[in-house]
Amino acid sequence: MKRHLSIFTFLSLTFIFGLTSCTSIFTGIYGMKKTKTVDEKTIASYSKKYNIPTADSYELDTAYFSYLFSLDTTKYKSQIKNHYQPLQALYYDNLGFLKSFQVNCYAGGFPNLKWDRNEIMTTFPPRQQAPIDSIVSLETQMKYLKPLSQTSKLSVDSYDYIVIVYWNRFMGRQSKRLIRYVQENSKLEKEKKVKIIYANTDNIFAGQ
């Protein structure tokens with residue numbers, strides 16, 4: 001399993017920008033850094049730089065990948081690949097169903113990922129980018145989100161939409177840009193209650 005995850009990590013990171021090889025030249029242009037483990041202090045520091053509210057900051061548990069690969073990897077190969085990516089925005093409704101799914105490897109763009117390709121972010125929730133699936137419900141997501149010391153207790157039932165943003169230090173400005181797009185997009189919803197929470201994924205990728 002460990003070897004399987006390592007190979008899949010390499011392939012996923014290589015595929016992030018649709019490149020045949022993830023060389024230092026390309027990673028530098030995209031603002032990417034080497035993966036490494038981070039502590040809560042580091043997460044808090046980058047959260048401040050990326051305009052992430054302390055009360056809404058989480059870390060994705062490393063056991064999440066084990067959950068993904070416990071699924072039928074033949075039947076759900078493409079879905080697992082999508083949920084394995086380092087940058088994501090998942091829009092769940094109040095029934096816990098995924099309604100919109102934004103993933104780095106579908107964004108395209110150079111030298112920055114184009115999250116608003118075809119103006120999909122001009123409505124709330126955003127129009128389709130990555131295919132919608134049902135392999136990771138909101139309930140499942142919440143099981144693998146670890147609150148940090150200053151994270152506020154969350155009652156998902158109090159909101160019409162829960163938006164989970166996967167971000168990290170190693171994706172540099174691409175993380176910052178995704179967060180900004182999601183935050184601006186949420187302002188389009190004037191009637192329903194929207195909660196954005198932020199899951200750091202540095203350690204889950206550094207450990208592969």
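We count residues from 1, following the sequence as given.
Applying the side chain to side chain contact (heavy atoms under 4.5 Å, CB included) criterion to A130, with sequence neighbours excluded, gives F101, V103, Y106. Applying the ring-ring contact (aromatic ring centres under 6.0 Å, His included) rule to Y159 yields no partners; only residues at least two apart in sequence or on another chain are considered. Here T140 pairs with S137 under the side chain to side chain donor-acceptor pair (under 3.5 Å) rule; sequence neighbours left out. Residues passing the side chain to side chain donor-acceptor pair (under 3.5 Å) test with S149, sequence neighbours excluded: E40. Scored by the ring-ring contact (aromatic ring centres under 6.0 Å, His included) test, Y67 finds Y144 as partners (sequence neighbours excluded). R117 meets the side chain to side chain contact (heavy atoms under 4.5 Å, CB included) test with K114; sequence neighbours excluded. Take P125 and apply the side chain to side chain contact (heavy atoms under 4.5 Å, CB included) test, not counting sequence neighbours, and it matches Y91, S100, Y161. In this structure K49 satisfies the salt bridge (charged side-chain N to carboxylate O under 4.0 Å, His left out) test with no other residue, sequence neighbours excluded. The side chain to side chain donor-acceptor pair (under 3.5 Å) search around N51 returns Q183, not counting sequence neighbours. Residues satisfying the side chain to side chain donor-acceptor pair (under 3.5 Å) criterion with T42, sequence neighbours excluded, are D39.
The line from CG of L113 to CZ of R173 is 9.0 Å long, rounded to the nearest 0.5 Å. Distance CG/N185 to CD/Q102: 8.0 Å, rounded to 0.5 Å.
Sorted pairs that involve residues 145-171 and meet salt bridge (Lys or Arg N to Asp or Glu O under 4.0 Å), not counting sequence neighbours, are lacking altogether. Residue pairs meeting the salt bridge (Lys or Arg N to Asp or Glu O under 4.0 Å) criterion with at least one member in residues 52-61, sequence neighbours excluded, are D56-K195.
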